[in-house]
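Single-structure report; data block below.
In this text, all values refer to a predicted model and were calculated from it rather than measured experimentally. Reckoned from all heavy atoms, side chains included, excluding hydrogens, waters and symmetry mates. Proteins come first, then strands; the chains are lettered A, B, ... in the order of their sequence lines, and each starts at number 1.
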Number of protein chains: 2
Amino acid sequence: MEHGVADLERDRSRLGRSSTAERVADILRERISEGFFEPGQRLSEEAISDALGVSRNTLREAFRLLGHERLLDHRLNRGVFVRILSAEDVADLYRVRRVIEGAAVRRNPTPQALGLIKEAVADAERAAARDDWRAVGTANIRFHQALVTLNESPRLDEAMRQLLAELRLVFHVMKNPRDFHEPFVERNRRLLELLESGRADEAAAFLDGYLDDAERLLVHAYEPNA
Amino acid sequence: MEHGVADLERDRSRLGRSSTAERVADILRERISEGFFEPGQRLSEEAISDALGVSRNTLREAFRLLGHERLLDHRLNRGVFVRILSAEDVADLYRVRRVIEGAAVRRNPTPQALGLIKEAVADAERAAARDDWRAVGTANIRFHQALVTLNESPRLDEAMRQLLAELRLVFHVMKNPRDFHEPFVERNRRLLELLESGRADEAAAFLDGYLDDAERLLVHAYEPNA
DNA sequence: AACATAAGAATCGTTGAACAATTCGACAAG
DNA sequence: CTTGTCGAATTGTTCAACGATTCTTATGTT
């Protein structure tokens, strides 16, 4: 009666997290990242605190949290709005990705991280095979999140998590997710191979081209609408 | 009557910045980073809200902000504490520095960034000449902050700012700031020269050694106390 | 004496109401 | 068409209250 216990430790992080404000933040974060709240939309304190059955004070604490994650834009005396990313924001996000992911692929890959990456690649391929491009998208995010774990830095993992959440604000502009995700399924596989064979420099160069293309595709689909 | 207006836009950022909660956060952030509040110390909601003349709710909003910056540790139902960095935290912070600063020195330096770096180096040298090691410390921080601007990424600048604020939590354990800062005044100058002459790879290698030594020194002074 | 336990104090978490401050739109005046 | 003014709506902040949780201290048992 001891081997099942170790697994529980992974859930321990969920225990500490219980204040109402944090749970409210979780709900809102999810709603934002799934596009339920659209960028630019104002989130009324009264309406939402009412709908969720929490006080305005508690809701405001949640707003602060999300503001710090850059998902909400807090304008004094005017309220909070779902963040609208500018083209410069997207460019900056990709600049950061080049730095963080670039450093990751240059490191000696640990078996653990490679495992995560491999899983994500396989998931994306399976999802692509059944034409589920939404699932390809989430698998792709998992892929890049896994890449970053190569750095073995909790803070970089966290930074990447936030960065991807921010990027999700603009992913919704893609009307046709297939065009955006399809080319990268194969490239993920290729990048994985480069990592496995220890060709770090090639992997880094490959990743740079990868990110350039991804950014271009994203900005192209994004600019016209803004 | 149109050319004077454009210049005003730069000051627009100053307008949004003011809410009691944010100003309170500014005050507390400063107090923490100057060591007035010691790591591990509990910050009582009642005492502080009383002392600053703000309500508990407003203070709690400020606490959330600082918690997100990792300066405060928020434990449910127990209050907020000034963060205590573990040795692993320090190691992780330096891991992130290697990634962010390493990427910075590999880039083609802009004259603007070089100017900031040069200033910081000169300030450190002047302060060292007059034995003001506290000033050397702040100039050194400015040096590394300036390094990061080479990335030309607002988000990386912000990440660095937070990272350095976090590191300041442990800088205070240095009883003799001279031992810690003195060796790096010269190395800052050397790194600047490498950047100016465009020898990016050498600069990167030099920086790695630099950070290794700095981390070692810091951990050495830190570990025994913990 | 050591240790478990239970009552009590202190503090946090959250709420709801209240009022001041600010924004924004509409409408009037120049 | 710009500028001033009024008022409704919303946010910013405070305050008082109460339940929930943690910490402290006193109590009683082995």
Side-chain angles (χ1 to χ4, degrees), chain A residues 12-29 32 37-84, chain B residues 1-2 4-5 8-9 11-29 32 37-68 70-84:
Chain A
R12 216 170 63 179
S13 58
R14 275 191 238 171
L15 276 185
R17 316 185 82 224
S18 39
S19 93
T20 308
E22 279 171 13
R23 261 173 291 145
V24 169
D26 286 342
I27 293 174
L28 295 179
R29 192 184 299 109
I32 291 170
F37 293 127
E38 289 178 15
Q41 180 176 347
R42 173 168 148 272
L43 302 187
S44 157
E45 291 189 355
E46 191 182 2
I48 293 184
S49 66
D50 227 43
L52 292 180
V54 301
S55 79
R56 266 181 67 212
N57 284 317
T58 300
L59 178 63
R60 285 169 61 85
E61 288 198 2
F63 279 170
R64 293 280 182 191
L65 290 179
L66 297 173
H68 217 278
E69 295 176 23
R70 298 190 221 251
L71 295 184
L72 293 182
D73 189 3
H74 197 137
R75 305 181 212 170
L76 192 62
N77 284 314
R78 301 193 36 203
V80 300
F81 299 77
V82 178
R83 181 87 184 288
I84 296 184
Chain B
M1 205 23 176
E2 199 178 293
V5 180
L8 273 179
E9 290 209 7
D11 293 343
R12 217 170 60 180
S13 58
R14 273 192 243 171
L15 279 183
R17 300 200 109 229
S18 58
S19 93
T20 310
E22 277 170 17
R23 261 173 291 145
V24 169
D26 286 343
I27 293 174
L28 296 179
R29 190 184 300 109
I32 291 171
F37 293 126
E38 289 177 17
Q41 181 176 345
R42 173 168 148 271
L43 302 186
S44 155
E45 290 189 354
E46 193 181 1
I48 293 184
S49 65
D50 227 40
L52 292 179
V54 301
S55 78
R56 269 180 65 213
N57 285 320
T58 300
L59 178 63
R60 285 168 61 83
E61 287 197 357
F63 278 171
R64 293 281 182 191
L65 290 178
L66 297 173
H68 222 274
R70 299 190 221 252
L71 295 185
L72 294 182
D73 189 4
H74 197 136
R75 305 181 212 169
L76 192 62
N77 283 315
R78 301 194 37 202
V80 300
F81 300 77
V82 179
R83 182 88 184 287
I84 296 182

**Item:** Protein-to-nucleotide contact annotation, 5' to 3' order, nucleotides 15-24 of chain C [B base; S sugar-phosphate only; - none; under 4.0 Å, heavy atom]
**Value:** BB-B---SSS
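Chain A approaches DNA chain D within less than 4.0 angstrom (heavy atoms of the protein), and the contacting nucleotides run 5' to 3' from dT10(D) to dT14(D).
Nearest heavy-atom pair across Ala25(B) and Ala62(B) is N-CB, 3.8 Å.
Every residue two or more places apart in sequence or in another chain that forms a side-chain hydrogen bond (donor to acceptor under 3.5 Å, both in side chains) with Glu69(A) is listed here: Arg29(A). Under the side chain to side chain contact (heavy atoms under 4.5 Å, CB included) criterion, Arg70(B) pairs with Arg155(A), Glu158(A), Arg83(B), Glu166(B), not counting sequence neighbours. Residues passing the side chain to side chain contact (heavy atoms under 4.5 Å, CB included) test with Arg64(B) are Ser19(A), Ala21(A), Glu22(A), Glu61(A), Leu65(A), Arg60(B), His74(B), sequence neighbours excluded.
Atom CZ in Phe37(A) sits 9.5 Å away from atom CG in Leu72(A) (nearest 0.5 Å). To the nearest 0.5 Å, the span separating CG on Leu52(A) from CZ on Arg23(A) amounts to 11.5 Å. Of the inter-residue distances, the one linking Ile32(B) atom CD1 with Ile27(B) atom CD1 reads 12.0 Å to the nearest 0.5 angstrom. The CD1 atom of Ile48(A) sits 4.0 Å away from the CG atom of Leu43(A) when rounded to the nearest 0.5 Å.
Distance CZ (Arg42(A)) to P (dG25(C)): 11 Å, rounded to an integer number of Å. Between the NE2 atom of His74(B) and the C1' atom of dC12(C) there is a distance of 8 Å, given to the nearest Å. The nearest whole Å value for the distance from the CD atom in Glu61(B) to the C1' atom in dG13(C) is 14 Å.
Val24(A) is listed as a side-chain neighbour of Leu59(A), based on a closest heavy-atom distance under 4.5 Å.
Across the helix from dA1(C)-dT30(D) to dG30(C)-dC1(D), the helix axis at one end is tilted relative to the axis at the other end by 10° (nearest 10 degrees, each axis from five pairs).
The 12-atom threshold is exceeded at CD of Gln41(B), counting heavy atoms of other residues, nucleotides or ligands nearer than 6.0 Å.
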